Amino acid sequence: MNAPDLQRAQAIAAIDHWIDGRIAAGTSGRAADVFNPATGAVTGRVALASQAEVDQAVASAKAAFPAWADTPPLRRARVMFKFLELLNRHRDDLARAITAEHGKVFTDAQGEVTRGIEIVEFACGIPQLLKGDYTDQVSTGIDNWTLRQPLGVVAGITPFNFPVMVPMWMFPVAIAAGNSFVLKPSPLDPTPSLMIARLLKEAGLPDGVFNVVQGDKDAVDGLLTHPDVQALSFVGSTPIAQKIYETGARHGKRVQALGGAKNHMVVMPDADLDQAVDALIGSAYGSAGERCMAISVAVLVGSAADRIVPMLAERAQALKVKNGVELDAEMGPIVSQVAQARIAGYIAKGAEEGASLLVDGRGFQGAQAGPGCDNGFWLGGTLFDHVQPSMTIYQEEIFGPVLGCVRVADLKEAVDLINAHPYGNGVSCFTRDGNVAREFSRRIQVGMVGINVPIPVPMAWHGFGGWKKSLFGDMHAYGEEGVRFYTKQKSIMQRWPESIGKGAEFVMPTSK
């Protein structure tokens with residue numbers, strides 16, 4: 001190996017697992033390249049776990065669970081408070097790691113970290129969140145109360161698009177509630193998971209309570225079928241979410257599987273069009289459209305269409321598509337070459353099926369993004385008009401910087417159009433009319449609704465989740481439903497010998 005090759009090899013980081021409070025080198029013999037999407041350069045090699053490594057992580061979590069579950073909630077909260085302090089100290093380090101491996105612009109990555117931190121802030125209130133109910137004298141001499149107890153070993157399988165925020169939808173609540181946790185992050189941007197693990201250890205979390213298994217489908221299958229994993233949370237595409245839900249349930253696990261989306265934004269004729277354009281541009285092209293809450297369909301009602309489409313085209317062409325480390329960048333690269341090719345294929349399909357291609361992002365060259373970006377995974381913003389509901393680009397989730405405009409006559413047609421779509425994750429309506437806003441909010445069959453808010457991601461104490469094929473399972477992520485998901489309720493009835501009557505009772509007990 002010559003000197004330049006040796007230097008390149010030394011610059012490529014080995015990204016391993018985190019098991020029992022320390023780095024655990026991969027032993028499966030399998031690994032995958034990790035890229036900087038802006039430059040196309042390989043920056044790391046991530047280990048891909050075998051079943052043996054999954055078993056090792058689960059065994060560590062299982063061994064750590066009893067003592068952690070018995071730790072008083074206030075002491076668990078103190079660990080979360082220390083973790084919160086460390087997160088705030090290192091938020092920019094985490095954001096830089098996100099930009100380096102995912103590609104999203106640094107300011108957006110900072111926002112991702114902040115939204116994750118908000119879940120940790122919520123989890124710090126776990127002593128209050130775990131309080132049960134109590135009824136004195138439910139019957140003569142008998143009291144009844146409920147309490148919530150942790151499940152045991154729980155796991156999270158998280159996507160590439162939010163390598164910090166989405167794991168934080170899961171593990172802070174799970175751990176604060178007394179569970180131990182195994183995280184399987186995306187192999188596309190695995191470094192933040194190890195940074196989080198180190199911060200948790202520094203915060204005083206006992207070894208084994210939080211583990212990271214890097215990997216691909218083999219690791220997912222290992223967690224799904226492992227008898228010691230009691231519950232599993234997933235965020236990703238709908239076909240995989242459905243498989244995760246069905247397989248996990250078949251193996252006796254509690255499952256929360258969040259799937260894909262096709263999010264619409266309705267623009268009424270009375271809307272402030274400048275605000276609507278700002279909202280559409282930011283929500284469609286921010287993070288290169290690689291968000292499950294990105295707006296990918298603009299539903300333009302009546303006269304709004306002819307007025308707003310030229311404004312959207314002008315703004316889409318003027319997007320500042322740059323390396324995410326540039327602070328004035330508005331959009332970064334696509335996460336991988338495979339994703340870039342898939343999105344480009346959808347653009348070609350849209351034009352082939354007859355949509356009007358007003359702005360074509362396939363012409364964007366990496367050199368335009370900045371020095372060293374020639375070989376990166378680049379697309380510019382893409383805009384279609386006259387999209388029909390039968391078209392592939394309307395029916396399927398593209399997960400890229402592609403916005404399609406659908407024209408409708410009135411609010412009823414807009415609501416019917418959205419309600420007919422198989423996805424029901426997020427939706428927005430821009431209007432000045434309070435009655436329109438109220439009727440839209442009540443009648444739309446979507447889980448998260450924004451009125452003049454383009455990306456209505458609920459705050460930490462409310463919980464995240466869609467309807468229809470966007471969510472498999474009964475409980476949303478984080479918030480109070482997250483606490484319920486990661487705990488099981490126990491009801492206790494109690495009386496003491498002095499209040500017990502004489503003789504056996506053979507009828508159903510009733511209040512006396």
Side-chain angles (χ1 to χ4, degrees), residues 80 83-84 87 91 94-95 98 102 104 108-126 129 150-151 154-177 179-186 189-190 192-193 195-197 199-200 209-212 220 223 231-238 240-241 244-245 248 254-261 287 290-294 425-426 447-448 455-466 470-487:
M80 288 292 107
F83 179 51
L84 175 62
L87 284 172
R91 68 170 68 206
L94 285 163
I98 294 168
H102 174 276
K104 69 176 64 175
D108 188 24
Q110 287 177 309
E112 172 187 340
V113 176
T114 298
R115 289 304 299 264
I117 285 173
E118 289 168 358
I119 310 297
V120 180
E121 291 172 331
F122 171 78
C124 287
I126 199 67
L129 295 167
L151 305 176
V154 299
I157 299 168
T158 57
F160 72 84
N161 58 328
F162 289 100
V164 169
M165 184 183 74
V166 170
M168 287 190 188
W169 286 0
M170 303 172 185
F171 75 80
V173 177
I175 288 174
N179 301 281
S180 52
F181 198 91
V182 179
L183 172 65
K184 205 299 289 182
S186 168
D189 42 15
S193 62
M195 297 173 70
I196 288 168
L199 294 180
L200 282 166
V209 175
F210 180 80
N211 303 272
V212 178
V220 172
L223 290 169
L232 195 141
S233 299
F234 171 84
V235 176
S237 69
T238 283
I240 304 302
I244 293 281
Y245 179 73
R254 184 178 292 188
V255 182
Q256 171 191 73
L258 283 69
S287 198
E290 294 171 326
R291 295 170 173 158
C292 65
M293 288 295 281
N425 205 48
M448 292 172 284
I455 304 179
V457 177
M459 298 304 289
W461 49 95
H462 283 290
F464 182 102
S470 293
L471 175 67
F472 297 86
D474 298 323
M475 296 183 190
H476 291 186
Y478 63 83
E480 291 189 10
E481 287 208 3
V483 176
R484 285 192 286 271
F485 179 78
Y486 289 119
T487 57

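Please read these numbers as outputs of a predicted model, since none were measured by experiment.
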Taking the six-membered ring for Trp, are Tyr245 and Phe472 parallel (under 30°), tilted (30 to 60°) or perpendicular (over 60°)? tilted
Correct closest heavy-atom pair for Gln256 and Ser233 would be OE1-OG, 2.8 Å
Looking at residues at least two apart in the chain, or sitting in another chain, which of them share a ring pair (Phe, Tyr, Trp, His ring centres under 6.0 Å) with Phe485? none
Shortest non-hydrogen contact between Asp108 and Ser287, atoms and distance: OD2-CB, 3.3 Å
Carefully, step by step, assess Leu94 and Glu112 under the rule side chain to side chain contact (heavy atoms under 4.5 Å, CB included). CA-CA 10 Å; Leu94 285 163; Glu112 172 187 340; over 6 Å; no
Considering all heavy atoms, the nearest Met293-Met448 contact: SD-CE, 3.7 Å
Within the distance-only criterion (no hydrogens, no angle test), does the side chain of Asn179 pair as donor or acceptor with the backbone N or O of Leu151 below 3.5 angstrom? yes
Which heavy atom of Ala95 sits nearest a heavy atom of Ala109, and at what distance? O-CB, 3.5 Å
In short, Ala123 meets Val173 closest at the heavy-atom pair CB-N, 4.1 Å
I'd like to know whether Met170 forms a side chain to side chain contact (heavy atoms under 4.5 Å, CB included) with Val166, so could you lay out the CA-CA distance, the side-chain angles of the two residues, the decisive distance to 0.1 Å, and finally the verdict. CA-CA 7 Å; Met170 303 172 185; Val166 170; 4.0 Å; yes
Would you please name every residue forming a salt bridge (charged side-chain N to carboxylate O under 4.0 Å, His left out) with Glu118, sequence neighbours left out? Arg115
Option passing side chain to side chain contact (heavy atoms under 4.5 Å, CB included) with Phe464 (candidates Val235, Ile119, Asn425): Asn425
Name all residues meeting the side chain to side chain donor-acceptor pair (under 3.5 Å) criterion together with Tyr478; count only those two or more places apart in sequence or in a different chain, and write none if there are none. none
Any side-chain heavy atom of Val255 sitting closer than 4.5 Å to one from Met475? no
Per the side chain to side chain contact (heavy atoms under 4.5 Å, CB included) rule, which among Asp189, Thr114, Val113, Ile117 passes with Val164? Val113
For Pro167 and Phe162 the tightest heavy-atom approach is CD-O, 3.3 Å
Gap separating the CZ atom of Phe210 from the CG atom of Leu199, nearest 0.5 angstrom: 10.0 Å
Test side chain to side chain contact (heavy atoms under 4.5 Å, CB included) applied to Met195 and Leu200, step by step: CA-CA 9 Å; Met195 297 173 70; Leu200 282 166; over 6 Å; no
Output, in order, the C-alpha distance, side-chain angles, deciding distance and verdict of side chain to side chain contact (heavy atoms under 4.5 Å, CB included) for Arg254 and Tyr486. CA-CA 9 Å; Arg254 184 178 292 188; Tyr486 289 119; over 6 Å; no
State whether the number of non-hydrogen atoms from other residues, nucleotides or ligands found under 6.0 Å of Glu480 atom CD is greater than 12. no
Parallel under 30°, tilted from 30 to 60°, perpendicular over 60°: which one fits the rings of Phe171 and Phe83? tilted
Using side chain to side chain contact (heavy atoms under 4.5 Å, CB included) as the criterion, list what pairs up with Ile240, not counting sequence neighbours. Phe234, Ser237, Ile244
Got a sec, which residues hit side chain to side chain donor-acceptor pair (under 3.5 Å) with Thr158, two or more places apart in sequence or on another chain? none
Counting N and O atoms only, with roles assigned by atom type, does the side chain of Ser470 sit under 3.5 Å from a partner on the main chain of Gly260, one being a donor and the other an acceptor? yes
Looking at residues at least two apart in the chain, or sitting in another chain, which of them share a salt bridge (charged side-chain N to carboxylate O under 4.0 Å, His left out) with Glu290? none
Spacing of OG1 belonging to Thr487 relative to CD1 belonging to Ile126, to within rounding of 0.5 Å: 8.0 Å
In Å and rounded to the nearest 0.5 Å, what is the CG to OG distance from Asn211 to Ser193? 11.5 Å
